[in-house]
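Keep in mind that what you see is a predicted model, and the values were worked out from it rather than measured. Below, chains carry the letters A, B, ... as their sequence lines are ordered, and counting in each starts from 1.
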Amino acid sequence: MSLFAITLPDGSQRHYDRPMSGAEIALDIGPGLAKSALAVRVDGTMRDLAGIIDRDVHLAIVTKRDPDALELLRHDAAHVMAEAVKELYPDAQVTIGPAIDNGFYYDFARATPFTPDDLIRIEARMQEIVSRDEVIQREEMDRDQAVRFFEGMGEKYKAELIASIPEGQPIGLYRQGAFIDLCRGPHLPSTGKLGKAFKLMKVAGAYWRGDSRNEMLQRIYGTAWFEEKDLQAYLTMLEEAEKRDHRRLGREMALFHQQDEAVGSVFWHPKGWTLWRTVEGYIRNRLEASGYVEVKTPQLVDRSLWEASGHWEKFGANMFTVQTADERTLAIKPMNCPCHVQIFRTGIKSYRDLPLRMAEFGSCHRYEPSGAMHGIMRVRAFTQDDAHIFCTEDQITSETVAFCELLKEVYRDFGFEDVRVKFSDRPPTRAGSDEIWDKAEGALLAASAAAGLETTRNPGEGAFYGPKLEFVLRDAIGRDWQCGTMQVDFVLPERLDAAYIAEDGQKHRPVMLHRAILGSFERFLGILIEHYAGRFPIWLAPLQVVVATITNEADAYAAQVLAQLRARGLRAECDLRNEKINLKVREHSLAKVPVMLVVGRREAEMSNVAVRRLGGSNQEILALGEAVDKLVAEAVVPGA
RNA sequence: GCCGAAAUAGCUCAGUGGUAGAGCAACUGAUUCGUAAUCAGUAGGUCCGCGGUUCAAAUCCGCGUUUCGGCACCA
């Protein structure tokens, strides 16, 4: 007589005549499976192995091969770390400790900060706890009981967390050894299942509940894997990421530098500036082909304009200001939009002028918090590939669709295929009425649907004047970067009194679409450097070709080769030094020059070149003219 | 801005209270060489800044600056 039946992923069914735990079912299926079982998936939801099943369900036994198993492991690692910390430092209070990408963290409240030596001790104690193989057991309490329980242990943060959970639902607690923690679960059956492939990485401050008004906790980060080789692979990946750090490559490749006297700004060196100009030239062509006009507006603008635009009130804390001798206050522009409205406002605009797509490589300054600075990715002086599209409400959709097409094309040209889109709606601090926000959000959502975008919602993250689409691209090593943006703005045209004459002969407000593709040049170039690890495709490389001689008998010929390359617009240099070719190959390879043309006596006599590609180990002998034609074709800027 | 760490030659780093070091780079000379380091020599320092402790400070203490790792913020 069967009480219930489970259906396994392969469709087979098993019948039971009494309630069974997940572990018992795994054992019933096979002893091997029982040994490797970590949790169960009941009707799609992960549950503890010890959980009781007493009704018809779809059930899967979760082992480490399950894609979600790592999250379980990492969550357990966080608990084991908390147990170790409580054993070693009883004065520390526990707070929260989730699994994150590649690892986990746990936030502790403690008067004395943890030191790197503490991390070593904690990690050693974690190994002990794993060896103890403590059973991890779920318990439940009602809410008020749980609050008293944690208050009784002096864990005021836990008590506060539980107190904010609605009354009525039972509170899940997990006990392992003497350690007990509030947790939704599920967890592995015992601490031994964690294994030894984990490592504590760093300690850092983090605000309680993520709010900068709250006290700061001590956060310990770790990484955890099922296999030692996965851990080693991850650590190797981190080393590789470090090697492509744009700050390091910027120095090694002589692209730019930064120094203390100009914090948050960049000194672009000749090679870095060549890269910049290449990108700028490329994007300028794309914009021209897409019907944009380019403008240039002032750096310093009187505060009255910023007051009128709303920036003084909403953005003032981030603005650099200047006092003049005649006691006027000017601000260095943090954004280009109010200035673009000034251009729009001169003369009379007709509906026939719309949409008016006004672009500027606008140099902006923002007083960013000191801790936010990061190489050239986050700076106080930056240049946007900014544009404002003045249009009618009816044109929002078609303009958004056209913009999304342009954006995807640009990203593809830079080697980014994977692009995600976020939709950010009204923030708590904003300008404009709720009706206007309803309209703006509705218009942008409809337009993004028309452009065929799948968006994820980002509540409360819009700009103060309007909702935005944010375009996030994924680089060569899987990191996400927010670059492009498209924002609908009904507020600024109103505040700055922009108008056009419509077909009805009356004045109407245009809508402003704020948009950028690269975001800021500084940041985008930083991303490009890291994405390509400095090995740029030939069209972007600051130095495209080096002509290297084997003997000075080839010097005159090398000069001829160089002249031909330059005459065809290639960025090329000669290396005539009296050095061995091995050294020249090594140095120009390390400098990441895409192509080397090696010439010796043989090439000079035959008017050939030996083409050596960066990363390649062999060379191709070509006639000079043929080689130059080939390189010129490869170096063509996309869209040119 | 907050928490923590760091700052020594152009770069990477050593130097725990007693004369400031190494490798690479630079410079000079020799070498004319066939695809990732030729050999020899020379020069190079406010040890981040300012104060303090000490007979004596790169080293210990305080303040400041900047950078790094996070948090918060954000293009």
Side-chain angles (χ1 to χ4, degrees), chain A residues 105 107 110 112-116 118-119 201-221 242 245 247-248 251-252 254 257-264 315 317-318 334-335 362 364 366-386 461 463 468 470-471 481-485 514 516-524 526-527 548-555 576-591 596-603 610-621:
Chain A
Y105 67 79
D107 287 349
R110 182 167 183 253
T112 9
F114 294 108
T115 66
D118 290 332
L119 292 200
M201 304 297 285
K202 57 198 167 201
V203 57
Y207 295 109
W208 168 234
R209 298 195 149 184
D211 189 329
S212 59
R213 289 166 301 191
N214 289 343
E215 61 269 41
M216 185 150 279
L217 308 172
Q218 309 283 326
R219 173 172 299 179
I220 302 177
Y221 284 95
E242 203 174 309
D245 189 307
R247 293 165 297 192
R248 175 187 179 129
R251 186 181 58 239
E252 287 176 359
H257 88 272
Q258 296 176 281
Q259 66 186 48
D260 293 357
E261 289 81 357
V263 171
F315 206 74
N318 294 303
M335 297 182 193
C364 296
R366 296 181 191 171
Y367 189 78
E368 299 292 343
S370 58
M373 244 78 70
H374 177 84
I376 65 172
M377 301 280 208
R378 202 55 198 284
V379 287
R380 286 177 174 157
F382 59 99
T383 304
Q384 295 171 307
D385 65 319
D386 198 12
E461 296 294 321
K468 50 182 176 180
E470 295 175 323
F471 298 86
W481 302 97
Q482 195 207 301
C483 293
T485 179
H514 305 238
I517 298 175
L518 309 182
S520 92
F521 275 82
E522 286 79 0
R523 178 177 159 82
F524 192 78
I527 293 167
T549 52
I550 288 171
T551 145
N552 60 18
E553 287 174 57
D555 284 4
L576 304 181
R577 291 175 303 165
N578 176 18
E579 295 289 353
K580 293 172 106 169
I581 194 62
N582 292 295
L583 183 85
K584 295 187 183 184
V585 165
R586 176 179 159 82
E587 288 191 349
H588 299 299
S589 299
L590 289 174
M596 231 183 286
L597 299 183
V598 177
V599 296
R601 191 192 303 193
R602 292 205 295 269
E603 287 75 14
V611 183
R612 186 194 165 97
R613 307 272 176 174
L614 178 58
S617 55
N618 51 359
Q619 59 263 230
E620 187 185 12
I621 309 292

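A/E215 contributes no side-chain N or O that, together with a main-chain N or O of A/W208, makes up a donor-acceptor pair within less than 3.5 Å. Under the 3.5 Å distance criterion, the side-chain polar atoms of A/D385 are matched with a main-chain donor or acceptor of A/L518.
B/G41 and B/G23 have their P atoms separated by 11 Å, given to the nearest Å. Nucleotides B/G62 and B/A6 have their P atoms positioned 13 Å apart, rounded to a whole Å. Taking atom P in both B/A5 and B/C61, one finds a spacing of 12 Å when rounded to whole Å. Atom P of B/A20 sits at a distance of 13 Å from the matching atom of B/G45, rounded to the whole Å. Rounded to whole Å, the P atom of B/A14 lies 36 Å from the corresponding atom of B/C73. Spacing between B/U54 and B/U28 at atom C1', rounded to whole Å, works out to 45 Å. Rounded to the nearest Å, the gap between the C1' atom of B/G49 and that of B/A43 is 27 Å. Rounded to the nearest Å, the gap between the P atom of B/C39 and that of B/U46 is 31 Å.
Contact annotation: the side chain of A/R612 approaches that of A/V585 to within less than 4.5 Å [non-hydrogen atoms, C-beta and beyond].
Nucleotide B/C68 has B/G4 as its partner under the Watson-Crick or G-U criteria, with both atom distances under 3.5 Å. Pair check for B/U35 finds none; no Watson-Crick or G-U wobble contact set falls under 3.5 Å. Under the Watson-Crick or G-U wobble criterion, with both distances below 3.5 Å, B/C74 has no partner in any strand shown. With a 3.5 Å ceiling on both atom-pair distances, the Watson-Crick or G-U wobble partner of B/C63 is B/G49. Summarising the base pairing, B/C13 is matched to B/G21 through a Watson-Crick or G-U wobble pair whose two defining distances lie under 3.5 Å. For B/A56, there is no paired nucleotide, since no Watson-Crick or G-U wobble pair has both relevant distances below 3.5 Å. In this structure B/U28 sits in a base pair with B/A40, meeting the Watson-Crick or G-U test at under 3.5 Å.
A/Y221 comes within 4.0 angstrom of sugar-phosphate atoms only, judged by non-hydrogen atoms across all strands, and of no base. Using a 4.0 Å heavy-atom criterion, one finds that A/R219 contacts the sugar-phosphate atoms exclusively. Residue-level contact check: A/A206 touches the backbone only, with heavy atoms under 4.0 Å from sugar-phosphate atoms and none from bases. A/E587 comes within contact range of no nucleotide atom at all, as no heavy-atom separation falls under 4.0 Å. Among the atoms of the strands shown, none is found under 4.0 Å from any heavy atom of A/Q384. Using a 4.0 Å heavy-atom criterion, one finds that A/V379 contacts the bases of the nucleic acid, with or without backbone contacts as well. At a threshold of 4.0 angstrom between heavy atoms, the contacts of A/N582 are confined to the sugar-phosphate backbone, with no base atom among them. Residue contacts for A/R213: at a heavy-atom cut-off of 4.0 Å it reaches no nucleic acid atom on any strand shown. At the heavy-atom level, A/Q259 lies nowhere under 4.0 Å from the strands shown. Residue contacts shown for A/S212 are limited to sugar-phosphate atoms, with no base heavy atom under 4.0 Å away. Base engagement by A/N578 is indicated by at least one non-hydrogen atom pair under 4.0 Å involving a base atom. Residue contacts shown for A/E603 include a base, since a base heavy atom lies under 4.0 Å away. Here A/H374 lies in heavy-atom contact (under 4.0 Å) with sugar-phosphate atoms only. Across all strands shown, A/P113 has heavy atoms under 4.0 Å from sugar-phosphate atoms exclusively, and none from any base.
Applying the salt bridge (Lys or Arg N to Asp or Glu O under 4.0 Å) criterion to A/R601, with sequence neighbours excluded, gives A/E553. Here A/D107 pairs with A/R219 under the salt bridge (Lys or Arg N to Asp or Glu O under 4.0 Å) rule; sequence neighbours left out. Checked against salt bridge (Lys or Arg N to Asp or Glu O under 4.0 Å), A/E579 has no partners two or more places apart in sequence or in another chain. A/H257 is linked by a ring-ring contact (aromatic ring centres under 6.0 Å, His included) to A/F267, A/H269, counting only residues two or more places apart in sequence or in another chain.
Around the CD atom of A/Q259, the shell of radius 6.0 Å holds more than 12 heavy atoms that belong to other residues, nucleotides or ligands.
A salt bridge does not link A/D211 to A/R209: none of the charged nitrogens lies less than 4.0 Å from a carboxylate oxygen.
Between A/G371 and A/L583, the residue anchored nearer the 5' end of RNA chain B, judged by the nucleotide with its closest heavy atom, is A/G371. Residue A/L590 is the one, among A/L590 and A/K468, whose nearest nucleotide of RNA chain B lies closer to the 5' end (criterion: closest heavy atom).
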Name every donor-acceptor pair, under 3.5 Å, that has one atom in a side chain of residues 366-373 of chain A and the other anywhere in the protein, sequence neighbours excluded.
residue, atom, partner, partner atom, Å
A/R366, NE, A/P334, O, 2.9
A/R366, NH2, A/P334, O, 3.1
A/E368, OE1, A/R378, NH2, 3.0

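A 4.0 Å heavy-atom criterion places the boundary nucleotides of RNA chain B facing chain A at B/G1 to B/A75, written 5' to 3'.
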